[in-house]
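To start, the structure itself, in structure tokens.
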Protein chains: 4
Amino acid sequence: MVDTQRSAPPSAERMRDAERTRAELLEVATEVFSEQGYSGARVDEIAERTRTTKRMIYYYFGGKEGLYLAVLESAYRRIRETEQGLHADDLTPVEAVRRIAELTFDHHHDHPAFIRLVSVENIHNGQHLGKVEALRDLGTPAASLLDEVLARGRASGELRADVDAVDVHMMISAYCVFQVANSATFGFLFGRDMLAPDVRERHRRILGDIVVAWLSA
Amino acid sequence: MVDTQRSAPPSAERMRDAERTRAELLEVATEVFSEQGYSGARVDEIAERTRTTKRMIYYYFGGKEGLYLAVLESAYRRIRETEQGLHADDLTPVEAVRRIAELTFDHHHDHPAFIRLVSVENIHNGQHLGKVEALRDLGTPAASLLDEVLARGRASGELRADVDAVDVHMMISAYCVFQVANSATFGFLFGRDMLAPDVRERHRRILGDIVVAWLSA
Amino acid sequence: MVDTQRSAPPSAERMRDAERTRAELLEVATEVFSEQGYSGARVDEIAERTRTTKRMIYYYFGGKEGLYLAVLESAYRRIRETEQGLHADDLTPVEAVRRIAELTFDHHHDHPAFIRLVSVENIHNGQHLGKVEALRDLGTPAASLLDEVLARGRASGELRADVDAVDVHMMISAYCVFQVANSATFGFLFGRDMLAPDVRERHRRILGDIVVAWLSA
Amino acid sequence: MVDTQRSAPPSAERMRDAERTRAELLEVATEVFSEQGYSGARVDEIAERTRTTKRMIYYYFGGKEGLYLAVLESAYRRIRETEQGLHADDLTPVEAVRRIAELTFDHHHDHPAFIRLVSVENIHNGQHLGKVEALRDLGTPAASLLDEVLARGRASGELRADVDAVDVHMMISAYCVFQVANSATFGFLFGRDMLAPDVRERHRRILGDIVVAWLSA
DNA sequence: GATGAATGAGTTTTCATTCAT
DNA sequence: TATGAATGAAAACTCATTCAT
């Protein structure tokens with residue numbers, strides 16, 4: 001009978017199923033929260049875009065907020081992992097800062113959902129992020145890399161010595177985040193589509209110019 | 001006609017009352033929407049923070065969306081008016097761009113509700129702003145002023161000639177918006193309170209440095 | 001001062017104005033109630049379609065129900081007046097019943113708002129009409145006229161003697177009311193537009209045929 | 001797949017519960033809409049007369065209009081099914097038309113809620129019925145049956161040949177609908193209770209007389 | 001683990017009516 | 001009489017969450 005099968009201990013397949021369900025929920029929820037914001041997102045919609053049901057959100061994440069928290073954490077984790085791939089050992093300090101700026105730029109353009117999620121979280125004053133202690137004061141790989149490069153440049157005299165890595169990282173982040181997070185309103189006011197390939201390319205180059213002009217000794 | 005003269009015209013006081021009611025709703029709604037986002041904002045809460053009732057929101061604005069639209073339009077209008085006050089005629093081009101950057105910086109810090117509102121609107125892809133045709137492609141006074149200054153600098157050879165005002169405005173905006181809009185998450189990750197007076201002051205100076213370094217010929 | 005003029009006793013003009021206002025409200029309300037039903041009609045809409053304001057509805061009629069009652073009474077009164085014009089003295093009884101049927105038919109087609117109003121009132125079980133005692137058990141001129149004609153026909157042997165005027169009137173009314181009151185659903189189910197001129201003409205003739213066939217001795 | 005088999009299928013009982021809930025809502029809604037009209041009906045009242053809650057109306061029908069639509073469709077469907085039972089094979093054409101008229105008459109008297117619902121829908125110009133495409137141009141079993149009988153009568157020479165079934169059906173419907181739909185106002189004006197058994201009986205006989213008189217060759 | 005049905009509290013919206021001038 | 005502003009009660013509708021199986 002079906003019944004006896006149902007009470008069987010969790011098989012490996014089943015656990016893999018479970019993992020898949022969780023992952024799918026997380027992925028869809030990331031999209032929905034980044035598209036509609038926290039309050040705007042509907043538990044029903046998230047479930048509907050999934051192969052499972054609403055009940056699973058409660059089973060795996062406890063509720064809407066739990067799901068959102070999991071989304072936040074996984075998003076930050078993933079972004080950090082990607083940034084781990086940044087390297088600039090083989091470049092001069094000046095070349096390196098330009099490269100870091102450009103890669104960060106691409107990175108933002110390629111992960112709009114994450115950027116939007118960050119906006120959403122800021123609207124709520126970071127109150128949810130605050131609950132994910134794991135991420136506190138950890139900075140980000142991009143800032144660490146910048147720190148190294150700035151040290152090298154400071155030593156060689158090629159880069160100015162009076163700025164710290166977080167300042168530079170902030171400037172770069174600000175520029176890049178704006179491209180994605182504010183494209184709708186800025187585009188509307190100035191008739192400029194910041195997501196268009198040619199515009200994107202220009203903005204990318206300009207960012208490199210700014211950073212190099214600023215940091216060169 | 002006798003008829004129209006005979007009918008008691010609404011007294012000036014009553015009209016002022018009406019205007020006051022409208023204005024109060026608008027003001028409170030600006031706060032609430034910027035604090036909670038569009039979906040998160042509650043019509044009830046807006047009304048409660050007011051001396052009138054929820055009913056008046058429907059009377060004057062037609063509904064939640066109408067109120068939000070009015071908030072958006074009035075916010076942009078107000079910000080633009082404030083920016084009209086910017087002047088830099090008496091400064092050298094280099095001094096002027098620094099000044100503009102710094103004033104823009106202050107401006108953002110002093111109007112966090114507006115910045116947050118812009119974030120909210122971007123979360124919704126600018127779909128509401130798109131309905132306020134009055135604002136389309138109008139740019140902003142700060143960009144116009146930059147245009148003049150860049151022209152002066154280009155003519156005198158003090159500023160580089162290959163950047164346009166919108167690019168500069170975008171860079172400055174990005175930097176300034178980030179201070180306010182992303183202070184929660186950035187502060188959390190890097191343990192830096194961007195709204196603290198001393199930090200603000202440093203960031204302000206850095207922005208000036210960046211702009212000057214970038215634009216100087 | 002305007003004030004002293006305002007407190008002057010009602011002039012003839014003013015009374016005429018008042019009468020006009022009342023009449024306009026009544027006319028518009030007749031339309032709106034017949035289009036949307038009693039609950040569906042909006043006091044606001046009635047007022048807006050008028051040159052006066054909502055306040056006047058309360059001033060003249062006490063409220064929505066009072067207005068509806070006034071509409072009902074005036075509609076019945078008007079219809080009765082129009083029916084007073086029916087005459088059939090110069091026709092043979094057979095010709096006369098056909099003529100009455102046909103005129104009643106035209107009458108219904110030409111006053112759809114009234115017919116719809118009657119439907120509305122029936123939906124509410126005639127509870128409002130019941131308050132207009134003036135109309136109780138009064139029948140209608142059409143029925144009275146039929147009574148005369150039937151008497152003539154009975155006397156001359158041309159019409160059958162075993163039917164009474166109310167039965168005939170009911171049959172004719174039923175047929176005519178249906179044309180207008182049920183045209184939407186009947187038209188939908190049978191693909192027949194009962195308000196189209198040629199259809200109307202056929203139905204009119206058929207009604208005459210039915211009545212004559214039925215009543216001829 | 002294992003997956004689909006493993007998931008516990010909704011039990012037959014639960015499904016029956018769901019069906020019962022839906023059916024109960026539909027039944028109660030039919031009553032309420034026919035008693036109060038579309039605008040006059042209250043979602044709350046419908047729910048209260050039920051063992052479920054208002055929420056279920058939205059769950060199953062999407063809203064008030066969806067419920068009304070479902071009511072309309074089910075009402076027409078049911079009435080059609082009942083009419084399927086009409087037969088007249090064993091009667092002469094003349095007897096048959098009388099029989100059909102009388103059965104239709106009874107049918108109307110026995111389903112006042114349906115008749116009222118049709119009135120309600122006509123007040124709204126059939127705008128909702130228009131959305132239930134399934135019913136368009138389908139006519140009704142009564143008309144089809146009439147068509148057969150008329151053909152028989154035409155062939156045998158017992159019935160006149162120049163009328164079509166829809167005309168006859170319309171005449172009969174008009175007479176019958178009026179009994180129910182206009183009983184309140186007609187009764188008030190002529191002091192005749194059309195729902196009283198003896199009156200009903202007389203009207204029924206008269207209808208038969210009319211139809212036979214009209215259609216006999 | 002999974003599913004469809006159900007729910008209660010909340011949220012937006014509407015409406016007839018009244019008030020102040 | 002007339003007008004725009006204001007209102008409270010009620011109506012429609014939504015949403016995160018839980019239950020029974």
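The sequence lines fix the lettering, A, B, ..., with proteins before strands; numbering per chain opens at 1. Nothing here was measured: the structure is a model prediction, and the numbers come from that model.
- Looking only at side-chain heavy atoms (C-beta outward), D:Phe33 and D:Ile46 come within less than 4.5 Å of each other.
- One atom, CG of B:Asp44, and another, C1' of F:dC13, lie 14 Å apart when rounded to the nearest Å.
- Taking atom CG of residue B:Leu25 and atom P of nucleotide F:dA5, one finds them 13 Å apart after rounding to whole Å.
- A donor-acceptor pair under 3.5 Å is formed between the side chain of A:Glu24 and the backbone N or O of A:Arg51.
- In plain terms, the two heavy atoms of B:Tyr38 and B:Val120 that are nearest each other are N-CG1, 3.7 Å.
- Heavy-atom distances under 4.0 Å link DNA chain E to A:Tyr59, A:Tyr60 of residues 59-72 of chain A, given in residue order.
- With F:dA12, F:dA6, E:dA2 as the candidates, the nucleotide lying closest to the side chain of A:Met56 is E:dA2.
- Between the P atom of F:dT7 and the OH atom of C:Tyr58 lies a distance of 17 Å, rounded to the nearest Å.
- In this structure, the side chain of D:Arg42 engages the main chain of D:Ser39 through a donor-acceptor pair within 3.5 Å.
- Here the straight-line distance linking atom CD of A:Glu45 with atom CD of A:Gln36 works out to 4.5 Å at 0.5 Å rounding.
- Here the straight-line distance linking atom OH of A:Tyr60 with atom OG1 of A:Thr52 works out to 8.5 Å at 0.5 Å rounding.
- Atom P of nucleotide F:dA12 and atom CD1 of D:Ile57 are separated by 9 Å, given to the nearest angstrom.
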Can you tabulate the close N/O pairs, meaning under 3.5 Å, that link protein atoms to atoms of nucleotides 8-10 of chain E?
residue: E:dG8; atom: O6; partner: D:Arg55; partner atom: NE; Å: 3.1

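- Residue B:Thr21 has a polar side-chain atom (N or O) positioned under 4.0 Å from OP1 or OP2 of F:dA6.
- At the heavy-atom level, C:Ala47 lies nowhere under 4.0 Å from the strands shown.
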Might you work through the side chain to side chain contact (heavy atoms under 4.5 Å, CB included) test for C:Tyr59 and C:Leu25, ending with a clear yes or no? CA-CA 11 Å; C:Tyr59 188 80; C:Leu25 277 169; over 6 Å; no

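- Considering B:Val118, B:Leu117, B:Val71 as possible partners of B:Ser34, the one that fulfils the side-chain contact (heavy atoms from CB on, under 4.5 Å) test is B:Leu117.
- Without hydrogens or angle criteria, B:Lys64 side chain to B:Ile57 main chain gives no donor-acceptor distance under 3.5 Å.
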Kindly list each side-chain donor-acceptor pair under 3.5 angstrom involving residues 124-131 of chain A, sequence neighbours excluded, with atom names and distances?
residue: A:Asn125; atom: OD1; partner: B:Arg116; partner atom: NH1; Å: 3.1
residue: A:His128; atom: ND1; partner: A:Glu121; partner atom: OE1; Å: 3.2
residue: A:Lys131; atom: NZ; partner: A:Glu65; partner atom: OE2; Å: 2.5

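- To the nearest angstrom, P of F:dG4 lies 16 Å from CD of B:Glu19.
- Legend: salt bridge (Lys or Arg N to Asp or Glu O under 4.0 Å) pairs involving residues 53-63 of chain C, not counting sequence neighbours, sorted by first then second residue: C:Asp44-C:Lys54.
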With both pairing distances under 3.5 angstrom for Watson-Crick or G-U wobble, and | for a partner in another strand, the correct string for DNA chain E is .||||||||||||||||||||

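- Taking every heavy atom of residues 117-130 of chain C and every atom of DNA chain F, no pair lies under 4.0 Å.
- Looking at which nucleotide of DNA chain E each of A:Thr52 and B:Ala41 is closest to, the 5′-most match is held by A:Thr52.
- We find that CD of A:Glu48 is positioned 14 Å from C1' of F:dA16, with the value rounded to whole Å.
- Rounded to an integer number of Å, the gap from CD of C:Glu45 to P of E:dA16 is 10 Å.
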